[in-house]
Peer 1: 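Have a look at the structure that comes next, please.
Basis for what follows: all heavy atoms, side chains included, without hydrogens, waters or symmetry-related copies. In what follows, chains are A, B, ... by sequence order, proteins preceding strands, each numbered from 1.
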2 protein chains.
Amino acid sequence: MSTPRKHAIRPATLEAIVEAAIRLLNVNAGATMSEIAARAGVGRATLHRHFRTRNDLVRAIGLRCIEEMNAAVRGGQDAGKPAVDRLRSMFRAVIPMGDRYSFLSLESADDAGVRQGYRAQLQWVAALVEDLKIQGDIAADVPTPWAVAQIDQLVWTGWNGIAEGYLTPDEASELAVGTLLRGLHGEARPHA
Amino acid sequence: MSTPRKHAIRPATLEAIVEAAIRLLNVNAGATMSEIAARAGVGRATLHRHFRTRNDLVRAIGLRCIEEMNAAVRGGQDAGKPAVDRLRSMFRAVIPMGDRYSFLSLESADDAGVRQGYRAQLQWVAALVEDLKIQGDIAADVPTPWAVAQIDQLVWTGWNGIAEGYLTPDEASELAVGTLLRGLHGEARPHA
DNA sequence: TATATTTGATACACTAATGTCTCATTCCTG
DNA sequence: CAGGAATGAGACATTAGTGTATCAAATATA
């Protein structure tokens, strides 16, 4: 649908377009086809050749990011490990890529496919939260949507800390886990 | 600057425009002058009469929201009370109005005045965080920007919980305080 | 009620962005 | 190295939004 019939695409061209689009759309959700083309070092006509409309492009990028995020999250997961470890490795995988995903919750949310993919992600997190509750890492009376939202936000906060230079990726992940489960008060360490 | 000379404005008209703009811009940062006018029940020409350009309007709305937020935050504050109480009353004041402020961190951030006002807010929160550290409510080794970001996010998460119907304003504030200081693990309650 | 002034509606010029098309050039592939 | 295909550059029509101007109607104020 988004890929016209006649023209094939050169891998390098596609890669350049996708990367440029991800970078730009995350910074400026209203980025222009001209801007994206320029950033990709590609003619504007080439964009339209492979993504007929701007919406097609945004949708394709959104789906790609979801997929990427999916792979990152599920990649380092060992179902046998305790829920806390799974939480930690999820943070480790996703936080450093925060600048590629932040736009998922913004503009592209008006596309059905992307929205569905994003919801699937949130449900995956919700399942993790349930496991954390079973293990006693999260109190049973905490609303699951609250915990999910909190985790979602911590990813962004973590990436932001890295981007601003006051955290390393490892520190960010540790801080995220600690903040989620134990808060910012220092002394209570149920898992120490 | 943003208020042309010749025409005065009727209070009701101004109020309608401001409210419509706040509502729309928070939902869709790219809302159109026509959309805002329609929502305000006002002619598009009237918008341009009092806010020469769209940027003027967005800036005015941004500044107004900052001011509103300022008033809400500082209103219920008693400098004599402990830092935790000040944190709580801040949440109580700001969370229910989350849907009016969310756009401050988005589009209007490209205006110098709004950006400055927003930074001032964050610095106010930073000062509160320092107090919380002194009182031992937040561990001294937690980076202040991390705590500030966390508080900022909790406002949004709290409002979201209210909007989605699984929290009352009071529950949201309590949950925010608890999550910030003690995390989601149930048993460790340093302040209980 | 009479007057002044804001407002609404409409028309207009202008701009920026989208999407289509063509053609010369460049790049792969055989 | 030749043929075929993708690309870059540019022209073009179209659309949507902005900002200006005008004038009749509604509204406030005296």
Peer 1: Will you find, in the side chains of A:Asn70 and A:Arg74, an N or O donor that is under 3.5 Å from an N or O acceptor?
Peer 2: yes

Peer 1: In residues 9-22 of chain B, what residues come within less than 4.0 Å of DNA chain D, judged by heavy atoms?
Peer 2: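 Heavy-atom contacts with DNA chain D come from B:Arg10.
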
Peer 1: Identify which nucleotide among C:dT7, C:dA9, D:dA9 has an atom closest to any side-chain atom of A:Ala45, counting heavy atoms from C-beta outward.
Peer 2: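 Selected nucleotide: D:dA9.
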
Peer 1: Between C:dG8 and B:Thr46, is there an OP1 or OP2 to side-chain N/O distance shorter than 4.0 Å?
Peer 2: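 Yes, such a contact exists.
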
Peer 1: Nearest whole Å is fine: how far is D:dT18 C1' from B:Ile36 CD1?
Peer 2: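 It is 12 Å, rounded to the nearest whole Å.
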
Peer 1: Assuming nearest nucleotide by heavy-atom distance, tell me which of B:Gly41 and A:Met33 is located more 5' along DNA chain C.
Peer 2: B:Gly41

Peer 1: Round to the nearest Å and state the distance from A:Asp56 atom CG to C:dT18 atom P.
Peer 2: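 From A:Asp56 CG to C:dT18 P: 13 Å.
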
Peer 1: At what distance, to the nearest 0.5 angstrom, does CD of B:Gln150 lie from CD1 of B:Ile138?
Peer 2: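 B:Gln150 atom CD to B:Ile138 atom CD1 measures 9.5 Å (nearest 0.5 Å).
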
Peer 1: Is a donor-acceptor pair below 3.5 Å formed from side chain B:Arg44 to base D:dG19, judging by atom type as modelled?
Peer 2: yes

Peer 1: Tell me the interatomic distance from B:Leu47, atom CG, to C:dA9, atom P, rounded to whole angstroms.
Peer 2: 13 Å

Peer 1: Which nucleotide wins on minimum distance to the side chain of B:Ala8, given the candidates C:dT6, C:dG8, C:dT20?
Peer 2: C:dT6

Peer 1: Under 3.5 Å, is there a donor-acceptor pair linking the side chains of B:Ser102 and B:Trp159?
Peer 2: no

Peer 1: Measure from the side-chain heavy atoms of B:Arg49 and tell me the nearest of D:dT7, C:dG8, C:dG19.
Peer 2: C:dG8

Peer 1: Quickly work out the B:Asn28 CG to D:dG17 P distance and round it to whole Å.
Peer 2: 11 Å

Peer 1: What I'd like to find out is whether the side chain of B:Val58 reaches to under 4.5 Å of the side chain of B:Phe51, using heavy atoms alone.
Peer 2: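 Counting from C-beta outward, B:Val58 and B:Phe51 never come under 4.5 Å.
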
Peer 1: Which whole-number value in Å describes the distance from B:His48 NE2 to C:dA11 C1'?
Peer 2: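 It works out to 15 Å between those atoms.
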
Peer 1: Measure the distance from CD on A:Glu35 to C1' on C:dA16 and round it to the nearest whole Å.
Peer 2: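 A:Glu35 atom CD is separated from C:dA16 atom C1' by 11 Å.
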
Peer 1: Determine, using the 4.5 Å side-chain heavy-atom cutoff (strictly less than), whether B:Ile95 and B:Tyr166 are members of one ILVMFWY cluster.
Peer 2: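 Shared cluster, yes.
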
Peer 1: How many whole angstroms separate atom CZ of B:Arg52 from atom P of D:dT20?
Peer 2: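 About 6 Å, once rounded to whole Å.
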
Peer 1: What integer distance in Å separates B:Asn55:CG from D:dT18:C1'?
Peer 2: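 The answer, rounded to whole Å, is 11 Å.
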
Peer 1: Hydrogens and angles aside, do A:Gln153 and B:Thr157 bring a side-chain donor and acceptor to less than 3.5 Å of each other?
Peer 2: yes

Peer 1: Are side-chain heavy atoms of B:Val114 and B:Leu63 found at a separation under 4.5 Å?
Peer 2: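 Yes, at least one pair of side-chain atoms sits under 4.5 Å.
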
